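Remarks on the structure that follows.
These values consider heavy atoms only, across backbone and side chains, with no hydrogens, waters or symmetry-generated copies. Note that the structure is a prediction, hence the values are computed from the model and not measured. Here is the naming used below: chain letters follow the sequence lines, and residue numbers restart at 1 for every chain.
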2 protein chains.
Amino acid sequence: MPPYHHGDLRRAVLAAAVDAITEHGPAGVSLRDLARRVGVSHAGPVHHFKDKAGLLTALAAEGFALLADALNATREQTNSFVELGVAYVRFAVRHRAHFEVMFRPDLHHTDDPALTEARERAGAALAGGVEALGEQRTGDRRTAGVAAWSIVHGFATLWNTGNLAPGDDPEELAHRVAAMLFGDDQPVLRASPELQQT
Amino acid sequence: MPPYHHGDLRRAVLAAAVDAITEHGPAGVSLRDLARRVGVSHAGPVHHFKDKAGLLTALAAEGFALLADALNATREQTNSFVELGVAYVRFAVRHRAHFEVMFRPDLHHTDDPALTEARERAGAALAGGVEALGEQRTGDRRTAGVAAWSIVHGFATLWNTGNLAPGDDPEELAHRVAAMLFGDDQPVLRASPELQQT
DNA sequence: CCTGCAATCTTGTCGGTGACAAGTCAGGGG
DNA sequence: CCCCTGACTTGTCACCGACAAGATTGCAGG
């Protein structure tokens, strides 16, 4: 029989949660099922997470930390904003379970300090990448940051919800999209003048 | 006492669902609670929607229909792609409950014909707006469509999850973002050449 | 008129779930 | 050696979704 003390229950439950969410989506996950998967009584996980929301909060925080690391890693390598955007999308696709939980405040304890700290770290990594953009351009920096975040986040979300053609390689398509909007060697998407009126 | 037959239970339950989701998010809604709000026994709604997923599927379909109408309406008025994007964001903010359910395939009966039809109608409205963009430009149409959808969807999602500065007027900010990327009278966001390497 | 039928809604029930309370067990500091 | 704290279990409660069976209503066809 297994020992009374699991040893690393917290880790194990988080890992099981990732599996369960990957299989059935964030809605189809229950603390009791996770406990069963890990081989622990139904109230075991409660001791580590307090709540179901507590579990998902921990998962989201872990996700933001991973995202921050991924972004910082590619920032050290390339300085290319396009590549940074692709890294964001790659994270969302590869760590789908984390990503799906990170932007669902209705599932969190939104005031959790670990969560806020990790989120800010990821935000800083992204904002830092925006710094590398258009120094010559005044179009204010905050708007540029919001635009950049919007496009990569929107792409990632649409991909993960199956709204983009499933035949493609997401990273390749994301690269084309980012290059079209932010790239240097690509023509930039613009409205034809005669149709434009604001 | 209320009559045995409600008269328009389906409508009433959908409306109650919108309220409940607006208050507690899509996770915090139960068929039984909706039944209570409407003044009907706990299994009343089941007859109209079959399932909880059936309810949310109907809500999502209604949402896509409303979105398609909104997009087509502004398309008739302006021909401006920027305005079309703002209309998308406006819909997401004003019909938050619908929007939050529309892109959650894990909550749907994904094969529901009404849902697919409404989604395609909305997709066509958006794609039609992209047609108005850059005729002079070859940067292939599909990539342009994905880029446009990504940016408005990303912005809407980030706003609704509270990740953008809450002090602002979302439509105004969305307008600035869209104008920065797609507008004609605004400088276009580009990477500074020396930092760009793909 | 009235009879039977189908749609609508109710009541009752089952297994599963989240939260909580109280108990049990292991190990390290006094 | 003891006990104290943290880790886990057992037991319970209210709620939820799904299903089955029954009650009620309106209405079509004779």
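A donor-acceptor pair is defined here as one N or O able to donate and one able to accept, closer than 3.5 Å; no such pair exists between the side chain of A:Thr78 and the backbone of A:Arg75. Between the side chain of A:Arg96 and the backbone N or O of A:Asn160 there is at least one donor-acceptor pair closer than 3.5 Å. Side-chain N or O atoms of A:Thr57 include one that pairs as donor or acceptor with a backbone N or O of A:His109 at under 3.5 Å.
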Subject >> B:Arg104 vs A:Glu100, salt bridge (charged side-chain N to carboxylate O under 4.0 Å, His left out): CA-CA, chis, key distance, verdict >> reply: CA-CA 10 Å; B:Arg104 300 256 171 108; A:Glu100 291 201 0; over 6 Å; no

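Remark: of the listed residues B:His98, B:Met102, B:Arg121, B:Met102 is the sole one forming a side-chain contact (heavy atoms from CB on, under 4.5 Å) with B:Phe64. For the salt bridge (charged side-chain N to carboxylate O under 4.0 Å, His left out) with A:Arg90, the qualifying choice from A:Glu172, A:Glu83, A:Glu171 is A:Glu171, the only one to do so.
For DNA chain C, the neighbouring residues in residues 41-50 of chain A, judged by any heavy atom under 4.0 Å, are A:His42, A:Ala43. A heavy atom closer than 4.0 Å to some atom of DNA chain C occurs in A:Val29, A:Ser30, A:Leu31, A:Arg32, these being the qualifying members of residues 13-33 of chain A.
Taking CG from A:Leu173 and CH2 from A:Trp159, the interatomic distance works out to 7.0 Å, rounded to the nearest 0.5 Å.
Atom P of nucleotide C:dG15 and atom CZ of A:Arg36 are separated by 14 Å, given to the nearest angstrom. Rounded to a whole Å, the CG atom of B:Leu34 is 13 Å from the C1' atom of D:dG17. Counting to the nearest Å, the P atom of D:dA7 and the CZ atom of A:Arg11 are 15 Å from each other. The interatomic distance linking A:Lys52 (NZ) with D:dC16 (C1') rounds to 12 Å, in whole Å. When the C1' atom of D:dA18 is taken as reference, atom CG of B:Asp51 falls 8 Å away, rounded to whole Å. Rounded to an integer number of Å, the gap from A:Asp8 CG to D:dA7 P is 11 Å.
In this structure, B:Arg10 reaches neither bases nor backbone, as no heavy-atom distance under 4.0 Å exists between it and the strands shown.
Residues A:His95 and A:Phe91 bring their aromatic ring centres within 6.0 Å.
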